[in-house]
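The block underneath contains the structure these notes are about, expressed in structure tokens.
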Amino acid sequence: MSTTIDSTLNEKRTFTASSDFITKATVNAEKLAILRKAAAEDHEGFWGDLAKEHISWHKPFAALLNSNRAPHYSWYDDGELNVSYNCLDRHLSTRGDKTAIIFEGEPGDTTHITYSELHKNVCVFANALKNQGVKKGDRVIIYMPMIPEAVIAMQACARIGAIHSVVFGGFSAESLKDRIEDTAAKIVITADGGNRGGGVIDLKKAADAALDKGCASVEKVIVYQRTNTDVTMQTGRDIFWNDAIEGMPESCEPEWVNSEHPLFILYTSGSTGKPKGIQHSSGGYLLNSIVTMQWVFDIQDNDVFWCTADVGWITGHSYVAYGPLATGATMLMFEGAPTVPDAGRFWKVCQDHKVTIFYTAPTAIRALMKAGDDFPNAYNLSSLRLLGTVGEPINPEAWMWYHRTIGKEKCPIVDTWWQTETGAHMIAPIPGAMATKPGSCTLPLPGIAADIVDNDGNIIDEPNKGGFLVIKKPWPSMVRTVWGDDDRYQKTYWAEFDNKYYVAGDNVRKDEDGYFWIMGRTDDVLNVSGHRLGTMEIESALVAHPRVAEAAVVGRPHEVKGEAIFAYVVLREERPESGINEELTKELRSWVGEQIGAIAKPDDIRYADNLPKTRSGKIMRRLLKVIARGDEITQDTSTLENEAILDQLQGKS
Ligand code: PRX
């Protein structure tokens, strides 16, 4: 977003935490210096010591980093553990009666679940999964609303060594089917519905539609009843959650797995093809989720931690399902949308449950900022002590609003840069130890060798010169492979600089203080409301419509969403008169919603007789982006086959 880049380029303000915050912080400047020194002196030993300190191993590891199969790396190869044991059992003697999850549903229903209760619920459901035939290594699809049972299902999989793949409830039946088939899942866990945005999302109906289209691997479907909506149950295949857990024992010996055993697969968009299944490990993944809870979120025993992300995204894995529980924290889960019944809902939830740490996406902050200060001002937000953001660059204006209106100028803001592939925060402030700057994710965490390189892979040392964001050394929670497509793993993340660096796909610059400023993606991936969407994915969905011949999708800046989806469409029929056909536009939008999910619906559709292409037939995306932004065309267009279409593309004829 050019406006963001321009304004962040000029951003010179710095903010430090209050002395009270610093005094109580888990990591202060002194401790941070020790961590950085240890990591610099012995990268592997540093991660080895942390893994010993923070994880309860069933069989201790001797091996640290294994690079024999680079660019495939593994950590703690000979160690054995169970992630669910680390999240639950090990807290029972000290925190059994402590609240693990505070849940608030969109209708306002609330529940508190202690660590002992959660442990019991996970054991019971783990036994139910076993009873349904799930074994270590089997894939389990979880397609659920944001309710505790989603976390219970994930933890139960981890407990028995099954590999879960959570599919965001906003994705369509078609997307669900793709993920079921790619993982060859044996079981689907879903719900009748979920409450969202004042209505009900019919999850079971979507799951049925997916299963009707194929998904031969699926043997059972477990259905949690959340909304009590009518569902069709297929005899022999479908079973209600309550029936599945009936009579199941309340204890379940954890399956001790190798540290590298896959914990989960999570799909994310890339610039080509279908979304890729990012495969994470058990031990390494768990470690980074724990240390970042402590370093970045400064998690302490009396905190109420609220990460608003859905469990369908990586943020909901690391900072809802795993990190908070592994650190014995109390966390809040909220089912609904931030604006239901009104734009004060998040702030009311913060007040009612005395939230101390609040973590959300810039898009939500911008939307709530737009709704006006009366909403937050109506609630008592004095419990808050730390705020966080994730998923996209935050513009300094939104950062300042968050700082003043929500944090009352006393809460540090941690702007955390990371990705589905990195498993946990990579570049982020350690709030009790360093200053923050609005719009910057600040400095790489200890043991994270993030840097910037030019086109030839040379490190850029010059301040404020943009380049590719790379990670120069392996870290424990890194992606292990792309499920079923290892070639794609190697090509996407390593090939660019001869396997030397992990290539993140982001453009970034460092300022005079070495602070990182993310400037956007280097590939054809959009960031819509903090969610990654491949332009090609949306184009494929559009051309699958019988009336569409060709489509090109680009992003344009959007005040709230960060980026909006702009589609240029060439029809198989005559172009509509003056380029307007509202009915068709509506149809194409809902078509894309069915193919991918509502988040992928184009905001704008413009019809043209053809697309601007170079002589070699390549679509001139740069030109399309300029037009989508409504900017003046300054580039040379004389190579265009048909210059006259420029008027159509610009919506002038
Ligand atoms: O472009 C970066 C952006 O989101 C991408 C990762 O998306 P995803 O895998 O869906 O994970 C999102 C949640 C971790 C990155 O490549 N991104 C993420 N965090 C930030 C960010 N851009 C700027 N600032 C951030 N804090």
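For ligands, and for the atoms within them, numbers begin at 1 and follow the listed sequence. Residue numbers start at 1 and run along the sequence shown.
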Write out the residue and atom name of the closest protein heavy atom to [atom], then the distance separating them to 0.1 Å.
{"atom": "atom 15 (C) of ligand 1", "value": "D506 OD2, 3.2 Å"}
{"atom": "atom 9 (O) of ligand 1", "value": "T420 OG1, 2.6 Å"}
{"atom": "atom 4 (O) of ligand 1", "value": "G391 O, 3.2 Å"}
{"atom": "atom 10 (O) of ligand 1", "value": "R532 CD, 3.5 Å"}

Quick one: which ligand 1 atoms are inside 4.0 Å of a heavy atom on [X]?
{"X": "D415", "answer": "24 (N), 25 (C), 26 (N)"}
{"X": "V390", "answer": "13 (C), 14 (C)"}
{"X": "T416", "answer": "19 (N), 20 (C), 25 (C), 26 (N)"}
{"X": "N527", "answer": "3 (C), 4 (O)"}

Query raised in the report: Is the closest N or O pair between T268 and ligand 1 shorter than 3.5 Å?
Result: no
Query raised in the report: Are any of the N/O atoms in T315 less than 3.5 Å from those in ligand 1?
Result: no
If you measure from each non-hydrogen atom of [X] to ligand 1, which part falls under 4.0 Å: side chain, backbone, both or neither?
{"X": "E392", "value": "backbone"}
{"X": "R521", "value": "side chain"}
{"X": "P393", "value": "both"}
{"X": "T389", "value": "neither"}

Query raised in the report: Checking K472 against Y501: charged group under 6.0 Å from the ring centre and within 45 degrees of the axis?
Result: no
Query - Cationic tip of R179 above F171 ring, under 6.0 Å, 45° of axis - result: yes
**Report entry** Criterion side chain to side chain contact (heavy atoms under 4.5 Å, CB included) against L469, the qualifying member of N507, I427, V503
**Finding:** I427
Report task. Run through Y493, W47, W475, W494 and flag the one making a ring-ring contact (aromatic ring centres under 6.0 Å, His included) with Y73. Result -> W494
Query - Euclidean distance, L443 CG relative to T436 OG1, rounded to 0.5 Å - result: 11.0 Å
Query raised in the report: Under 6.0 Å between ring centres, would you say that holds for W313 and Y319?
Result: no
